[in-house]
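Read the structure below first, then the notes.
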Amino acid sequence: MSNTEKQLLGNIHQDHVAREFRAAWVATVANINWPDEPGLSVIEQKEQAIQILNSLQKHNFNTVIFQVRPQADSLYQSSYEPWSYYLSGEQGKAPEPFYDPLKFWIEQAHKRGLKLHAWINPYRAHHHIGGPISEQSVVEKMNEKVVKLKNETYWFLPTDQAVVSHTLNVLTELVDSYDLDGIHYDDYFYPYPSYNNDEDFPDAEQYRQYVAEGGALSIGDWRREAVNQFVKRLYQRVKQSKPHVLVGISPFGIYRPGEPETIRGMDQYDKLFADAKLWLNEGWLDYFSPQLYWPINQYAQSYPLLLSWWQSQNTHERHLWPGINALRSFDEAGVDEVVNQIMINRGFLSTSPGTVFWNVAALDGSQLMSDVIAQGVYQHQALIPETPWIAAPHLAAVNVDMNYVGEDIHLTWSHSNSEQVSQLLVYLKYAQQWQYHIYSSEESVISVAASEGQRPLEAIKVIAIDRLGNQSDEIELLFQ
């Protein structure tokens, strides 16, 4: 029997709710995941979004990380930047008939019990596969604050305070205006060397000005300090606005070659000017998702060795939820690799397990992958792990009314502060065995079976869950 076949065995009811962050990236840049090409009708865009969200729900994920600012343009109504080229094929053109894609994604995600984290790229001003530069582009409006790289990508100057202010204003508006569960940003701090044909980032003029004004840092430290201060200020800004919104960062998976000792690869500290270890050490984030895209048995980039090293740096005990390459292949070997990495995460991160898939397309990559995820490693629903360093108001128990409707029992719930409730956790007891189900709070009436075959329902427990995963006291209903 193969390992993948073994993953499908033991599909039984679980008597205690699982806690695990299960997320997938949905990339909009270059139309990687959504929409699959620019210029689709609003109906087609919505259909594709619903298809993705249904797939996440079917596979028992609980979070979608949706890219909303791919190249300093937006997939939402922004006061600061134009509508995205990747929506219409014309930067600055609003959807017709009008709708707000981010608002639609949030509503549809929450309806399915999924959290939505808005993924932004702080420094990319225009992607090399991003259509023509429009009059509304930041490349035109902030032309002294961006530089052109050899691969035709335009990049903000991260050391420029006007850039920092602009990006933080974009972020603040985004957090204030939308019912988000998280803000997420990835590894594009300074660009990868290949973007500029391995030549240095073109900010020598700005550095000379910095030195002339009395600056004493080396050029590398000057760049890193600018990024460090942005990371710190972004976290502070989100927490000042909405403390419950989680902030996540997904840097390149290797900090520096030799850390730990046998690791080899690109030096993000020196090449991307990203001091990711510092951010984790300082706790300037709620979750940390290093992109560990290498196989378990690859000696120079060992997956478990890198995961263990990052955990050793997690001095503030933040959530460590690594990103994995779920697209490597969809045959038995590739699916086994994905499953084994999830299981390693569960073993290393037992108090707060989690995994982020690059990317959502992997769920439908093959029937084997789909089955092993939905029926195997993610066969049970899971709540996100709790975040104890974020203070949350006390969550009162729900009120529950019960009615028999044919062969079912309808549970109608209410709460003294229903806006606090994000989900309902319902335990059912048949023949002395408990099982659970997680429902969106948008389901005001929950239908459960009065019996499972010849086994009558003996008891029900209903628990309110807030958006941070905290539980209320339970309400128990007993049957004679």
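Numbering of residues begins at 1 and proceeds along the displayed sequence. Computed from a prediction, not measured in an experiment: that's the story for all the values here.
Of the charged side-chain nitrogens involved, none lies within less than 4.0 Å of a carboxylate oxygen, so that Asp176 and Arg237 do not count as a salt-bridged pair. Of the charged side-chain nitrogens involved, none lies within less than 4.0 Å of a carboxylate oxygen, so that Glu337 and Arg328 do not count as a salt-bridged pair. Between Glu452 and Arg455, at least one side-chain nitrogen of the basic residue sits less than 4.0 Å from a carboxylate oxygen of the acidic one, meeting the salt-bridge criterion. Under 4.0 Å is where a charged nitrogen must lie from a carboxylate oxygen, and between Asp286 and Lys239 at least one such pair does.
Contact annotation: the side chain of Val42 never approaches that of Glu96 to less than 4.5 Å [non-hydrogen atoms, C-beta and beyond]. When side chains are defined from C-beta on, Pro38 does not count as touching Tyr86, because their heavy atoms never get closer than 4.5 Å. Residues Ile254 and Gln301 have side chains in contact (heavy-atom distance under 4.5 Å, counting atoms from C-beta outward). With a 4.5 Å cut-off on side-chain heavy atoms, Leu320 and Leu307 count as touching. At least one side-chain heavy atom of Ile465 sits under 4.5 Å from a side-chain heavy atom of Ile463.
Partners of Asp73 under the salt bridge (Lys or Arg N to Asp or Glu O under 4.0 Å) rule, at least two apart in sequence or in another chain, do not exist in this structure.
With 3.5 Å as the limit, one finds no donor-acceptor pair spanning the side chains of Tyr303 and Asn297. At a cut-off of 3.5 Å, with distance as the only test, no side-chain donor of Lys46 or Ser41 sits close to an acceptor on the other residue. Side-chain polar atoms of Thr355 and Asn345 form a donor-acceptor pair below 3.5 angstrom. Between the side chains of Asn60 and Arg22, no donor-acceptor pair of N or O atoms lies under 3.5 Å.
Here Trp279 and Phe189 bring their ring centres to under 6.0 angstrom of each other.
For CD of Glu317, the number of neighbouring non-hydrogen atoms (other residues, nucleotides, ligands) closer than 6.0 Å is 12 at most. The number of heavy-atom neighbours closer than 6.0 Å to OH of Tyr99, taken from other residues, nucleotides and ligands shown, is above 12.
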